[in-house]
Protein chains: 2
Amino acid sequence: MIERESGIPYYWQLMEIIRRQIVNGRLKEGQRIPSEIELSSAYRVNRHTVRQAIGELCRSGELYKQRGRGTFVAKPPVDLFEYRLSPKTSFTDDIREAGKTPDSRLLAWREVTAPVHVAEALGLAADERVFALDIRRLVNRQPFLFSKVFLSAARLPGLAGFIDKFRSLPAIYDAYGLSPRRVKSVFRASFPEQEEAVALDIPGNLPVLKVESVLKSQDGVLIEYSVSCYRSDFAKVSIDW
Amino acid sequence: MIERESGIPYYWQLMEIIRRQIVNGRLKEGQRIPSEIELSSAYRVNRHTVRQAIGELCRSGELYKQRGRGTFVAKPPVDLFEYRLSPKTSFTDDIREAGKTPDSRLLAWREVTAPVHVAEALGLAADERVFALDIRRLVNRQPFLFSKVFLSAARLPGLAGFIDKFRSLPAIYDAYGLSPRRVKSVFRASFPEQEEAVALDIPGNLPVLKVESVLKSQDGVLIEYSVSCYRSDFAKVSIDW
DNA sequence: ATCGATTTGTCCGTATGTATT
DNA sequence: AAATACATACGGACAAATCGA
């Protein structure tokens, strides 16, 4: 029950009450919690106060709301899947080796003038063209990472013609007789952009691990620049030195 | 001005209005924005609606509030400092090379029985002892990373005696004639633990980049396991393959 | 050091809209 | 179509922190 004279904000007390009910199992994963009105009358506080408490718990990922349905207990964090990055990585093969089911889908692509940071990373002239591919990869049917991949158009003539038959990046490289290798990777943490949050089916307040990579073909030409966005609740990335 | 019939939530429109004033310079960094009451009457919306708009902009880091003083325009994000990780890294030297001022401080240390995950990572027996060091590193006087470093006690006899004279990890290794190399690193994103947030002087809702590393001495023995916690608003970590 | 004005924080009440069941 | 649940918006009140006269 809410203590009126404790000086502790009601919404804060209510957050703790709900948290306790989650940890001691009175509220279970995926279960609907009482509606705002019900909580409001049960604990004798205004509905706005309830909304404030629930809002905070949603922002911290402990609950989630669905308009018209209710508010639900979020899934507890699962064990992280460790994805091993190497100079020459094939997502599909790597996941299969780990005994999981990979899936890869090209969500969208277009040919554009290289954005500044891409041109810089690949050492391209300011007006050079690149293919920009949005790729989502799943592990065991769960969204795992979202990549924006930029490929130097000059190195891949005619790609636009058969990119729709896309199966995998390695397949494209094979078709051009290329076998690029990673030369640099940059790791950072952040919140997802909206596009990334949508593709990964995560809330905007869940951190993501972003990995920028630059790949070089066997003849020494920088050919691919990508930014991969990993769900922090599902993925970690490892390297062996 | 707020469009009443557009179907776009008022608080959303107000967010955009404030954002525009920030980007076009009408509101400058550190400057106080009009009070809630002033905005409320200027744009003819309720004070709560103003609070909702401002609240969102605070959560996304564009504004910050000070009770009794007002609401202010936050600093734009600074460029991330890229820290290059290699098999044999000396923080102090690396930062100096980049033309910045490094600083390293041992916040605490103790000798303990190896925690499970540490014993696992270092291949130690369950009851082996390790030194646990809490180290904070600064770049240009700003907290940059916080590390928990675990050193195999068996490999460093008598360390307890002079650890207080700690200058740097490389100095300790030198004293034992060791020159360990990184063998594995694991990257993930998360929120900081409270201890980490305090040491880095960041709020608990700022993501951090965590890097676990295992180091092996030149004779092939695993000797150090560390978890480094980097501020996502200041640091990114790169590797060359 | 005090007081009053200002500003944000918390809380209550109410009404209407929109999505889901 | 009706009921339910969350989303947005308006109104008012008092508390707590800050600042300047």
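Every chain is numbered from 1 and lettered A, B, ... according to where its sequence line falls, protein lines coming before strand lines. Scope of the values below: all heavy atoms of this structure, side chains included, with no hydrogens, waters or symmetry mates.
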inquiry  = In whole Å, I'd like the distance from the CZ atom of B/R51 to the P atom of D/dC10.
reply    = 15 Å
task = Sort out for me which residue in A/K148, A/K210, A/R231 forms a salt bridge (Lys or Arg N to Asp or Glu O under 4.0 Å) with A/E196.
result = A/K210
inquiry  = For B/V208, run the side-chain contact (heavy atoms from CB on, under 4.5 Å) check against B/S190, B/S228, B/S232 and tell me which one passes.
reply    = B/S190
message = To the closest 0.5 Å, what do you measure between CD1 (B/I18) and CD (B/E56)?
response = 11.5 Å
Separation of C/dT6 C1' from B/L39 CG (nearest whole Å) = 14 Å
key: Steps toward salt bridge (Lys or Arg N to Asp or Glu O under 4.0 Å) verdict (B/R188, A/E82)   = CA-CA 9 Å; B/R188 63 181 205 274; A/E82 181 173 321; over 6 Å; no
ask   = CZ/B/R47 to CD/B/Q52 distance, rounded to the nearest 0.5 angstrom?
value = 13.5 Å
ask   = Between B/F91 and B/Y83, does the ring centre distance come in under 6.0 Å?
value = yes
note = Rounded to whole Å, CD1 of B/I54 lies from C1' of C/dT7 at a distance of 11 Å
request  = Look at the side-chain N and O atoms of B/T71 and state whether any lies under 4.0 Å from the OP1 or OP2 oxygen of C/dT7.
outcome  = no
inquiry  = From CD of A/E56 over to P of C/dC11, roughly how many Å is that when rounded to an integer?
reply    = 12 Å
task = Begin from the C-alpha positions of A/R129 and A/T113 and carry the test side chain to side chain donor-acceptor pair (under 3.5 Å) through to its verdict.
result = CA-CA 4 Å; A/R129 306 286 285 176; A/T113 303; 3.0 Å; yes
request  = Measure from CD1 on B/I37 to P on D/dA13 and round the result to the nearest Å.
outcome  = 12 Å
request  = Between D/dC6, C/dC12, C/dT10, spot the one nearest the side chain of A/T49, thanks.
outcome  = C/dC12
query = What nucleotide, of C/dT7, C/dT10, D/dA5, holds the atom closest to the side chain of B/R32?
reply = C/dT7
key: Value in whole Å for how far the P atom of C/dT10 lies from OH of A/Y10   = 13 Å
Are any protein N/O atoms closer than 3.5 Å to N/O atoms in nucleotides 16-21 of chain C? If there are, list each pair with its distance.
{"from": "C/dT18", "atom 1": "O4'", "to": "A/R67", "atom 2": "NH2", "distance (Å)": "2.9"}

remark   = DNA chain C in dot-bracket form (Watson-Crick or G-U pairs under 3.5 Å, [ ] crossing, | inter-strand) is .||||||||||||||||||||
ask   = Within less than 4.0 Å of OP1 or OP2 of D/dA5, is there a side-chain N or O belonging to A/K65?
value = no
query = A/F72 has an atom CZ; how far is it from atom P of D/dA5, in whole Å?
reply = 10 Å
note = Regarding the side chain of B/E36, the nearest nucleotide among C/dT8, C/dT14, D/dA7 is C/dT8
Nearest-angstrom distance from the residue atom CD1 of B/I8 to C1' of D/dA7 = 16 Å
ask   = So, is the end of the A/R137 side chain (NZ or CZ) under 6.0 Å from the ring centre of A/F144 and within 45° of the ring's axis?
value = no
query = Could you give the distance from CG (A/L122) to OG (A/S152), rounded to the nearest 0.5 Å?
reply = 7.0 Å
query = For B/D103 and B/R105, what are the C-alpha separation, side-chain angles and deciding distance, and is it a salt bridge (Lys or Arg N to Asp or Glu O under 4.0 Å)?
reply = CA-CA 7 Å; B/D103 191 8; B/R105 202 155 309 166; 2.9 Å; yes
inquiry  = Please determine whether any donor N or O and acceptor N or O are separated by less than 3.5 Å between the side chain of A/H48 and the base of C/dT14.
reply    = yes
query = Does the side chain of B/N46 get closer than 4.0 angstrom to OP1 or OP2 of D/dA9 through an N or O atom?
reply = no
inquiry  = I want to check one thing: is the phosphate of C/dT10, taken as OP1 and OP2, less than 4.0 Å away from some side-chain N or O of A/Y11?
reply    = yes
